[in-house]
Engineer: 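This structure is in C-alpha cells; I'll ask about it shortly.
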Amino acid sequence: MIRNDLNNSVEEGLADLHIHTTNSDGVCTAQQVVEKAVEIGLRAISITDHDAIVGVDEAKKAAQPYDLEIIPGIELNCIEDGESVHVLGYFIDTQNTELQQHIQVLQNDRFQRAEKIILKLKNIGIKISLDLVLQKAGPGAIGRPHIAEVLLEDGYVLSFEEAFARFLGYGKPAFVQNYPITPQKGIQLIQSVGGISFLAHPQPNIIVTRLDQYVKNGLDGIEIYHPRFSEAEVCNLYNVAVDRSLLVSGGSDFHNNKKENSCVGQKSVPYQFVTAMKDKIKKLNSI
Ligand code: AMP
Ligand code: FE
Ligand code: FE
Ligand code: ZN
C-alpha cells in the first residue's frame, strides 16, 4: 500500500530528510551535499548532523542559486536505559541562542568523551592520538566514527564495524556514554525551538510501550524509510505510525559511501511528507 502512496505522489518531488556533513560524522561538506542533491534533482533536503546545526546555514547559503529547499534539522543523540536513541528535529530555529548554548554543552562533552575513550583504549594496550581524532572530526561534533577511522588506519581493526564490535559499541571495553540527554528532553528541546521531533531509524521491532511514552512526551513522527530497512519493515513502521496518527519521514542517513552504501537521495521520500510536517507546525502555532 505504501508503495502506491509513493508512486502516486512523486510528481511533487522528492526529499532526503536525513543527511550528515563534515559538521558531524559525514565526509561531505554541506556545499558538496547541496551539489549532489541538485544534481539528482531533489526538491528538498534536511541537514541532520549529530548534535550540530552549523551545516544548516552552510547548506542554505550553498543552495541559494538553486531551486532546492533546505529544511533545518538536527539528530540528537539521546540515551535511554544506557541505550542510544536518536531523535531527529525538523524546522528548528537554528538562530535560537538557548539551542546554540545547549549544542555547545553537547559538543564540549563529546570532546571530553573522546579523551575518555582514548584513555580506555590505552588501558587495554591500544594507543591512538587525540590529535588524529580531532583532525578527522574537523570543525564538527566529535564522535565514535572518527575514533573508529583512526583505529582502522592504525591497523588495530580490519573494518570500521569491527572497531564498534570490539571496542566502541555499547558494553565494549572503550564504550563511553554520550551526554545523558533523555529522548524526553530531546523532544522538549526541539519543541522549544519551534521544531517537530521524529524517532530516527526505530528498531523495526520497536518496543511499543516505549514509543507510546515518547508520543506522550510530544513526539511528532517516526522515520520509516532508511537504508537499513527492508520493504516489510517499512510497511510495519508505517502501520505503527498510522495507528498513532504520527507523521512519517525518511532519508539516506548519508555519512559516506561506505556506510550501508548510502548516497544522497537514497530512500528519499515524497515531498508530501514535508507538506504534512509544515501543516502540523501551522496547526501547533495556531493553538
Ligand atoms: P556517537 O555519536 O559518537 O555515539 O556515534 C554514533 C554514530 O556512530 C552513529 O550515528 C553511526 O554513524 C556510528 N555507529 C554506531 N554504531 C555503529 C556500528 N556498530 N557500526 C558502524 N557505525 C556505527
Ligand atoms: Fe552518524
Ligand atoms: Fe542516527
Ligand atoms: Zn544519522
Side-chain angles (χ1 to χ4, degrees), residues 18-29 47-55 73-88 102-183 186 199-203 223 226-228 252-262:
H18 192 156
I19 301 178
H20 295 269
T21 73
T22 44
N23 291 299
S24 65
D25 53 355
V27 292
C28 289
T29 61
I47 302 291
T48 53
D49 276 310
H50 298 289
D51 303 338
I53 48 172
V54 285
I74 191 166
E75 184 173 22
L76 289 174
N77 287 34
C78 304
I79 309 278
E80 172 109 274
D81 299 332
E83 248 180 84
S84 176
V85 176
H86 291 182
V87 178
L88 289 160
H102 201 94
I103 284 170
Q104 198 52 54
V105 170
L106 298 179
Q107 296 204 357
N108 293 345
D109 185 77
R110 279 177 170 276
F111 179 84
Q112 287 163 8
R113 173 179 178 239
E115 288 181 317
K116 286 182 198 157
I117 292 175
I118 289 170
L119 190 63
K120 281 193 161 192
L121 286 169
K122 194 172 158 207
N123 290 340
I124 54 169
I126 293 174
K127 286 188 190 143
I128 62 164
S129 135
L130 176 64
D131 281 348
L132 266 183
V133 173
L134 296 180
Q135 240 178 56
K136 295 272 174 216
I142 309 166
R144 287 177 292 166
H146 304 117
I147 298 176
E149 276 176 54
V150 175
L151 287 170
L152 183 60
E153 274 180 18
D154 287 358
Y156 287 110
V157 290
L158 294 174
S159 71
F160 189 79
E161 285 71 27
E162 188 188 339
F164 280 88
R166 284 181 58 201
F167 305 118
L168 305 174
Y170 180 62
K172 302 299 169 191
F175 177 77
V176 178
Q177 221 181 18
N178 259 317
Y179 187 84
I181 166 173
T182 60
L199 189 59
H201 40 70
Q203 297 296 329
E223 184 176 54
H226 188 278
R228 222 179 283 160
S252 60
D253 200 359
F254 174 65
H255 288 74
N256 55 55
N257 295 321
K258 282 174 262 163
K259 198 173 176 222
E260 288 154 349
N261 285 322
S262 83

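Start at 1 with the first residue, then count along the sequence. Every value quoted in this text rests on a predicted model; they were computed, and no experiment measured them.
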Engineer: Students often mix this up, so state it plainly: with edges at 30° and 60°, are the rings of His201 and His226 parallel, tilted or perpendicular?
Structural biologist: perpendicular
Engineer: Measuring from Arg144:CZ to Phe167:CZ, what's the distance to the nearest 0.5 Å?
Structural biologist: 14.5 Å
Engineer: Dump the intermediate steps for side chain to side chain contact (heavy atoms under 4.5 Å, CB included) on Gln135 and Leu132, then the final yes or no.
Structural biologist: CA-CA 5 Å; Gln135 240 178 56; Leu132 266 183; 3.8 Å; yes
Engineer: Heavy-atom count around Glu83 CD within 6.0 Å, excluding the residue itself: above 12?
Structural biologist: no
Engineer: For Ser24, does its backbone N or O pair with a side-chain atom of His146 as donor and acceptor, under 3.5 Å?
Structural biologist: yes
Engineer: Go through the steps for Gln104 and Asn108 under the test side-chain hydrogen bond (donor to acceptor under 3.5 Å, both in side chains), then give the verdict.
Structural biologist: CA-CA 6 Å; Gln104 198 52 54; Asn108 293 345; 3.1 Å; yes
Engineer: Under the 3.5 angstrom rule, does the side chain of Arg113 hit a backbone N or O of Val176 as a donor-acceptor pair?
Structural biologist: yes
Engineer: If I take atom CG from residue Leu168 and atom CZ from residue Phe160, how far apart are they, to the nearest 0.5 angstrom?
Structural biologist: 8.5 Å
Engineer: Please report the C-alpha distance between Leu130 and Phe111 in whole Å, then the side-chain angles of each, then the deciding distance to 0.1 Å, and finally whether the side chain to side chain contact (heavy atoms under 4.5 Å, CB included) criterion is met.
Structural biologist: CA-CA 10 Å; Leu130 176 64; Phe111 179 84; 4.3 Å; yes
Engineer: Does any N or O in the side chain of Thr48 come within less than 3.5 Å of the main-chain N or O of Ile19, such that one atom is a donor and the other an acceptor?
Structural biologist: yes
Engineer: Can you find a heavy atom in the side chain of Tyr156 that is under 4.5 Å from one in the side chain of Ile128?
Structural biologist: yes
Engineer: Could you tell me how the ring of Tyr170 sits relative to the ring of Phe175: parallel (under 30°), tilted (30 to 60°) or perpendicular (over 60°)?
Structural biologist: perpendicular
Engineer: Taking all non-hydrogen atoms of both residues, which atom of Asp51 and which atom of Ile103 are closest, and how far apart?
Structural biologist: O-CG2, 3.4 Å
Engineer: On a heavy-atom basis, which atom in Thr22 and which in Pro139 lie closest, and how many Å separate them?
Structural biologist: O-CD, 4.3 Å
Engineer: Looking only at non-hydrogen atoms, find the nearest pair between Leu199 and Pro202 and report the distance.
Structural biologist: O-CD, 3.7 Å
Engineer: Mind checking the CZ-CG spacing from Phe164 to Leu151? Nearest 0.5 Å is all I need.
Structural biologist: 9.5 Å
Engineer: Once you round to the nearest 0.5 Å, how far does CD1 of Ile142 lie from CD of Gln107?
Structural biologist: 8.5 Å
Engineer: Give a yes or no on whether Gln203 atom CD has more than 12 heavy-atom contacts from other residues, nucleotides or ligands under 6.0 Å away.
Structural biologist: no
Engineer: Grab the two heavy atoms, one from Arg110 and one from Ala141, that are nearest each other, plus how far apart they are.
Structural biologist: CD-CB, 3.8 Å
Engineer: Please report the interatomic distance CG(Leu106) to NE2(His50), rounded to the nearest 0.5 Å.
Structural biologist: 12.5 Å
Engineer: Do Ser129 and Asp131 meet the criterion of a side-chain donor-acceptor pair at a distance under 3.5 Å?
Structural biologist: no
Engineer: Does Asn23 reach the side chain of Ile47, with side-chain heavy atoms less than 4.5 Å apart?
Structural biologist: no
Engineer: Which pair of non-hydrogen atoms, one from Pro183 and one from Cys78, has the smallest distance, and what is that distance?
Structural biologist: N-CB, 3.6 Å
Engineer: Compare every heavy atom of Asp49 with every heavy atom of Gly55, then report the nearest pair and how far apart it is.
Structural biologist: CA-OD2, 4.4 Å
Engineer: Mind checking the NE2-CG spacing from His86 to Asn178? Nearest 0.5 Å is all I need.
Structural biologist: 7.0 Å
Engineer: Could you check His102 against Ile181 for side chain to side chain contact (heavy atoms under 4.5 Å, CB included), going step by step and ending with a plain yes or no?
Structural biologist: CA-CA 11 Å; His102 201 94; Ile181 166 173; 3.9 Å; yes
